[in-house]
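Chain identifiers are assigned alphabetically (A, B, ...) following the order of the sequence lines, protein sequences preceding nucleic acid strands; residue numbering begins at 1 within each chain.
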There are 2 protein chains.
Amino acid sequence: MPQQRSEETRAHLLDAAVRRFAISGYNAASVDEICAEAGVSKGAFYHHFPSKQAVFLALLDGWLKTIDAGLESMRQASVPETFVEMTRLLPAIFAAADERLPMFLEFWLQASRDEKIWEATIAPYRHYQEYFARLVSNGIAEGSLKPDTDPQAAAQVILSLAVGLFLQGVLDPHGADWQKVGEESMKILMNGLAK
Amino acid sequence: MPQQRSEETRAHLLDAAVRRFAISGYNAASVDEICAEAGVSKGAFYHHFPSKQAVFLALLDGWLKTIDAGLESMRQASVPETFVEMTRLLPAIFAAADERLPMFLEFWLQASRDEKIWEATIAPYRHYQEYFARLVSNGIAEGSLKPDTDPQAAAQVILSLAVGLFLQGVLDPHGADWQKVGEESMKILMNGLAK
DNA sequence: ATAAACATACCGACTGGTCGGTATGTTTCT
DNA sequence: AGAAACATACCGACCAGTCGGTATGTTTAT
């Protein structure tokens, strides 16, 4: 019977890793720490994962899939109004991050210094920008958006705003009424893009 | 006349620290590394600074002063148009950061986990938000801005956009035409806020 | 049926290396 | 002389990853 615990142990390790990474950060959280929290030995850790980075990448992969699933279900819900989609998508994209965003950011920083890791982990995020750019293009074609809007740039602005909002919101949770700021930012964005 | 080359050595250490922090990051850059780049010994380092963190705080302090100076000179230039001030201020605020932003972010992440460090280092940034909020309030009073705009929230949006833009621009320098994105974001922002 | 042969899951002591910081010099200026 | 301005050697803690070993399975040959 203990033989069958394999998957369970792996799950425990992943779960413990999330918590420790979220609390201490990717670098500060030691493998020993994670093992202690998972209640297993270091041997078990290295039996399931080849390295510390591998656990993080496994977690990251899971979040990316969650986000993609959210994006897909949103696409299938087929709300015709592009702006409504936009405003609903921004929270959805970051809902899978929440308190885990700081560790993701920490990893982002390290990845930005290592091109191989960057390409393998962060670069895939770029397709969200393409999605927003398409929404903007549709809006222009429909005539609901200002015709001189650059879709690529606008998409970048939307994503930048989202990143900035959540970055400040997560790292400075007591600094502002983020609910209100979120609504206000959407209002400004929509006013600025609408024809 | 100060004894020996004390001030010069200190300057060399600060200069070396900036470069190493920018290249390797705050944590990864070791004190030995910084000393080697500065061409002095570890003893010299700990003669001038009580700790590794102290060097970083000294650098941070310098940047904050640079930013404040830029803000002040901008205020004295007394451009009456609030929006013009705004669009000019955003680059000014981050001009002093540029390639040093990643290490600042790394420190930000660590500070967010330690309230004392946070209050001493990051919290003072909040006064920029007050400044933007005042600009928005003025705009509403003048009648050039939508009257239902929440100044605090709008200021937060402006700062969030700036943070998001520069974060993406610095960390993903090849990802977009950041000049164009910057202009586009200002256009959208101004359109969204103007009455 | 069962024992031998093998595979998987896990343990925990240990290693090699790193790094912030310190203790103890030595030199140089006043 | 004596204090400031360094230099050098070293300490102790930490930490990712390794490795020999064990316990608990599963498969295969008889």
D:dA4 P sits how many Å from B:Glu7 CD, rounded?
14 Å
Judged by nearest nucleotide, the residue sitting upstream toward the 5' end of DNA chain D, A:Gly43 or A:Tyr26, is A:Tyr26
OH of B:Tyr46 versus P of C:dT24: gap in Å, rounded?
18 Å
Atom NZ of A:Lys42 and atom P of D:dG20 are separated, to the nearest Å, by 17 Å
Phosphate contact (C:dC10 OP1 or OP2) by A:Thr9 side-chain N/O below 4.0 Å:
yes
How many whole angstroms separate atom NE2 of B:His12 from atom P of D:dC6?
11 Å
Would you call the rings of B:Phe56 and B:Phe107 parallel, tilted or perpendicular, where under 30° means parallel and over 60° means perpendicular?
parallel
Answer with base, sugar-phosphate or nothing: what part of the nucleic acid does A:Ala54 contact at a heavy-atom distance below 4.0 Å?
nothing
Short question: side chain of A:Lys187, backbone of B:Thr149 - any donor-acceptor pair under 3.5 Å?
no
What integer distance in Å separates A:Asp32:CG from D:dA16:C1'?
9 Å
According to a strict under-4.0 Å criterion, is B:His47 in side-chain N/O contact with OP1 or OP2 of D:dA7?
no
B:Lys52 NZ to C:dC19 P: how many Å, rounded?
8 Å
Separation of D:dC14 P from A:Asn27 CG (nearest whole Å):
17 Å
Listed nucleotide nearest any side-chain atom of B:Ser51, set D:dA7, D:dA16, C:dG21
C:dG21
Within 45° of the six-membered ring axis of A:Tyr26 and under 6.0 Å from that ring's centre, is NZ or CZ of A:Lys52 located there?
yes
Once you round it to whole Å, what is the distance between C1' of C:dG12 and CZ of A:Phe45?
16 Å
Between B:Ser144 (side chain) and B:Gly139 (backbone), is there a donor-acceptor pair under 3.5 Å?
yes
